[in-house]
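What follows is a single structure, written as structure tokens, with notes after it.
Counting starts at 1 for both ligands and their atoms, following the listed order. Note that these values count all heavy atoms, side chains included, but never hydrogens, waters or copies made by symmetry.
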Amino acid sequence: MSINYSFGLPLKHNYVDFVYYNGLFLPHETDKILNFWDDNKKIKATLSGQEKYNDELRKSSVQFIENTPENDWVYNRLANLAIKCNNERYWFDLLGFHQELQLTRYSEGDFFDWHLDFGPGEISARKLSITTQLSDSDEYEGGDLQFMINQKIVNAPREKGTIIVFPSFIMHRVTPITKGERKSIVGWVSGPPFR
Ligand SMILES: O=C(O)CCC(=O)C(=O)O
Ligand SMILES: [Fe+2]
């Protein structure tokens, strides 16, 4: 039975595990984001805070997108959405992006096994994770972004342009790609320590 025993501030009950938004990036915009990809800057994905590659936990190619005047519209769009979503749902204390946006490519056989985006060290300020589907669902097989919620696995929507926001402390993974290629752009909104 839920009650409303407030300590002063109104109690808010609309926390959700993840939220998604369709159509906030139009097809020509997702294509423009993909054009930021520069094969010379491609790096093999590492696990945050770890220098060594760990192919058992993660296999993909990533590239970090510097915040320049040309791509500020992407940062801006994601920041505004994170603020709106946070005001409607989470009420976390947010400060901004402390890490560059990450473009990710998963080719056949690539994956990112169960993990949290939050943890000790440099990722301890992360509060909200925000990922955008940059590939059409039929461009790849497998490659589902999944959340573990109360022992149940829930799939995120796959439609190109969909932006998915979730607390960085939620367990999630990207299942192995069995055909084609999946691309995404991922950001982490940081804030002061949890309290
Ligand atoms: O590719 C995605 O949509 C999410 C990847 C991910 O979980 C991460 O980079 O932390
Ligand atoms: Fe993640």
Looking at [atom], what's its closest protein heavy atom, distance included?
| atom | result |
| --- | --- |
| atom 8 (C) of ligand 1 | Phe112 CE1, 3.5 Å |
| atom 5 (C) of ligand 1 | Tyr106 OH, 3.2 Å |
| atom 9 (O) of ligand 1 | Gln102 NE2, 3.2 Å |

Pairwise side-chain contact, [X] with [Y], heavy-atom cut-off 4.5 Å (strictly under):
| X | Y | answer |
| --- | --- | --- |
| Phe18 | Ile170 | no |
| Trp37 | Ser61 | yes |
| Glu100 | Ile65 | no |
| Val74 | Phe36 | yes |

Ligand-residue contact atoms, ligand 1 with Ser184, heavy atoms, under 4.0 Å: 1 (O), 2 (C), 3 (O)
Hey, which atoms in ligand 1 end up nearer than 4.0 Å to a heavy atom of Thr131? 2 (C), 3 (O)
Atom [atom1] of [X] and atom [atom2] of [Y]: how far apart are they, to the nearest 0.5 Å?
| X | Y | atom1 | atom2 | value |
| --- | --- | --- | --- | --- |
| Glu70 | Asn35 | CD | CG | 13.0 Å |
| Asn76 | Leu81 | CG | CG | 11.5 Å |
| Trp114 | His172 | CH2 | NE2 | 9.5 Å |
| Ile130 | Trp188 | CD1 | CH2 | 12.0 Å |

Provide the full list of ring-ring contact (aromatic ring centres under 6.0 Å, His included) pairs with a residue in residues 58-87, sequence neighbours left out, each pair given once. Tyr75-Phe97
Could you check whether Asp93 pairs with Lys127 (Lys NZ or Arg NE/NH1/NH2 to Asp/Glu carboxylate O, under 4.0 Å)? no
Does NZ or CZ of Lys160 fall inside the cone over Phe25's six-membered ring, less than 6.0 Å from its centre and within 45° of the axis? no
Side chain, backbone, both or neither: which applies to [X] and ligand 1 if a contact is any heavy-atom pair less than 4.0 Å apart?
| X | answer |
| --- | --- |
| Arg58 | side chain |
| Thr104 | neither |
| His115 | side chain |

Indicate yes or no: does an N/O atom of Asp117 lie under 3.5 Å from an N/O atom of ligand 1? yes
Taking N or O atoms only and a 3.5 Å limit, does His172 qualify as a polar contact for ligand 1? yes
Sort by chain and number the protein N/O/S atoms that are closer than 2.8 Å to the Fe ion (ligand 2), and list them. His115 NE2, Asp117 OD1, His172 NE2
Check for me whether Arg173 has a heavy atom closer than 4.0 Å to any atom of ligand 1. no
